Amino acid sequence: MIVIEGCAVATVDAAGTEHADGHVVVSGDRIVAVGAGPYTGDESVTRVDGRGCLATPGLVNTHHHLYQWATRGYAQQEILFGWLTELYPVWARIDAGIVHAASAAGLAQLALSGCTTSTDHHYVFPRDGGDVLAASIDAAATVGLRFHPTRGSMDLSAKDGGLPPDAVVEDTDAALAATKAAIDRFHDRSPGAMVRIAVAPCSPFSVSPRLMREAAELARAEGVRLHTHLAETVEEESYCREAHGCTPVEYADSLGWLGDDVWLAHAVHLDPPAVARLGATGTGVAHCPSSNGRLGAGIAPVRDLLDAGVPVGLGVDGAASQEAGQLGAELRQALYLARLRGGPAALSARESLALGTMGGARCLGRADDLGSLEPGKLADVALWDLGGLGHAGIDDPVAALVLGPAAPLRLLLVGGRAVVQHGVLSTVDEASLATGLARAAKELR
Ligand code: ZN
């Protein structure tokens with residue numbers, strides 16, 4: 001058993017329970033007690049001194065492209081379509097070795113910023129690139145994060161009216177077969193699962209309607225979740241109106257792509273009926289504030305989505321459009337963007353923390369096991385050190401975490417296993433990851 005005590009605790013449970021001085025007790029991979037004051041149970045435990053710290057649920061990253069860690073810093077002043085056009089030919093040359101180095105680096109950076117569960121949207125599968133999906137899954141096991149990789153796909157190249165070149169798209173039937181194979185091989189249905197697969201055709205401008213429709217049928221037959229990019233930019237909206245005569249959300253709706261088993265990356269450009277439709281169908285949204293800023297895509301209507309009952313999580317997005325890759329920092333970015341759009345009351349610090357925890361767990365279909373500190377849930381816990389220069393003197397620990405600079409971690413537990421201790425990764429060597437990443441990026445360049 002591990003007892004964390006002496007810390008502030010923000011449980012992010014349904015009642016928003018917090019303790020100014022409390023404890024979190026972990027046994028095996030589960031939380032067994034959370035409460036005020038010191039823990040008074042069994043003495044035969046490992047005690048963690050949490051004084052000066054805030055315990056929260058581990059953060060959940062709902063959108064990422066880990067392979068892009070090897071292609072940071074490209075296309076620095078492009079909108080999405082120009083950025084993609086510059087990067088597709090680079091991505092056409094990735095292989096399993098590059099994806100492993102990039103994924104390990106990206107996941108380590110996520111861990112150091114309080115993330116305990118991450119998804120990954122992988123949609124580039126070069127013919128001679130090897131087993132890139134297995135490479136990212138192996139990297140997640142090495143770093144020690146809970147992982148929800150998606151088997152992405154693209155089958156609509158420029159010659160058929162899409163954006164990507166031929167070199168990075170797959171044949172429709174081959175993509176569907178590979179997606180089914182990924183589920184068979186890696187999807188773990190057990191409650192404490194460390195790996196779960198989702199089905200994720202890439203976007204309206206890189207995927208045929210047939211692949212979208214049949215991917216949804218496959219996911220529902222297999223009981224796995226669905227993910228895609230939607231309504232990210234005004235250019236995508238123009239594309240949908242021209243190609244399909246409707247908005248991106250209407251297009252997704254027509255393909256069976258709205259529902260409580262779907263979460264959409266971005267959802268920036270939504271009219272009021274689209275927001276209402278996402279709410280009515282229980283469709284989730286992965287809000288990626290820094291990426292939307294980097295590409296100048298726009299500001300998602302997060303307040304409206306929350307008011308409509310939409311599950312909203314946070315995503316760092318791929319590191320080629322968000323070079324920092326830190327999920328903890330997105331808590332503040334989400335708050336800033338919501339307030340730039342809707343004024344200072346548009347999002348509170350606690351609502352922002354809920355996006356990064358429970359909101360993300362809902363998007364990934366893990367609300368029963370993740371997203372809050374409650375007995376019975378998986379022991380994915382972030383213990384943030386708020387005693388240093390960056391946060392000292394802020395009386396409200398949640399405000400310190402969200403409004404202050406990125407906080408260092410005293411401890412990060414994933415399923416009860418320590419992945420970060422005193423700000424240092426315990427599972428992997430950070431310097432070796434940086435060396436491997438630099439080598440992979442150089443090789444690709
Ligand atoms: Zn993305």
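Just follow the structure's listing: the first ligand is 1, and inside any ligand the first atom is 1. Keep in mind the model is a prediction, meaning the values are calculated, not measured.
The atom of His63 that is an N, O or S and sits closest to the Zn ion (ligand 1) is NE2. Looking at Asp317, its N, O or S atom nearest to the Zn ion (ligand 1) turns out to be OD1.
Side-chain atoms of Arg72 do not come within 3.5 Å of backbone N or O of Gln68 as any donor-acceptor pair.
Not a single N, O or S atom of His266, from either the backbone or the side chain, sits less than 2.8 Å from the Zn ion (ligand 1). At a cut-off of 2.8 Å, His65 is counted among the residues with an N, O or S atom near the Zn ion (ligand 1). Not one N/O/S atom of Glu232, from backbone or side chain, sits under 2.8 Å from the Zn ion (ligand 1). At least one N, O or S atom of His229, from either the backbone or the side chain, sits less than 2.8 Å from the Zn ion (ligand 1).
Ion pairing between a basic and an acidic side chain is recognised when a charged N comes within 4.0 Å of a carboxylate O; Arg294 and Glu323 show such pairing. Between Arg350 and Asp396, at least one side-chain N (NZ, or NE/NH1/NH2) sits under 4.0 Å from a carboxylate O, which counts as a salt bridge.
For Phe81 and Phe205, the ring centers sit closer than 6.0 Å to each other.
Side-chain contact, Ser372 with Asp13: no donor N or O sits under 3.5 Å from an acceptor N or O.
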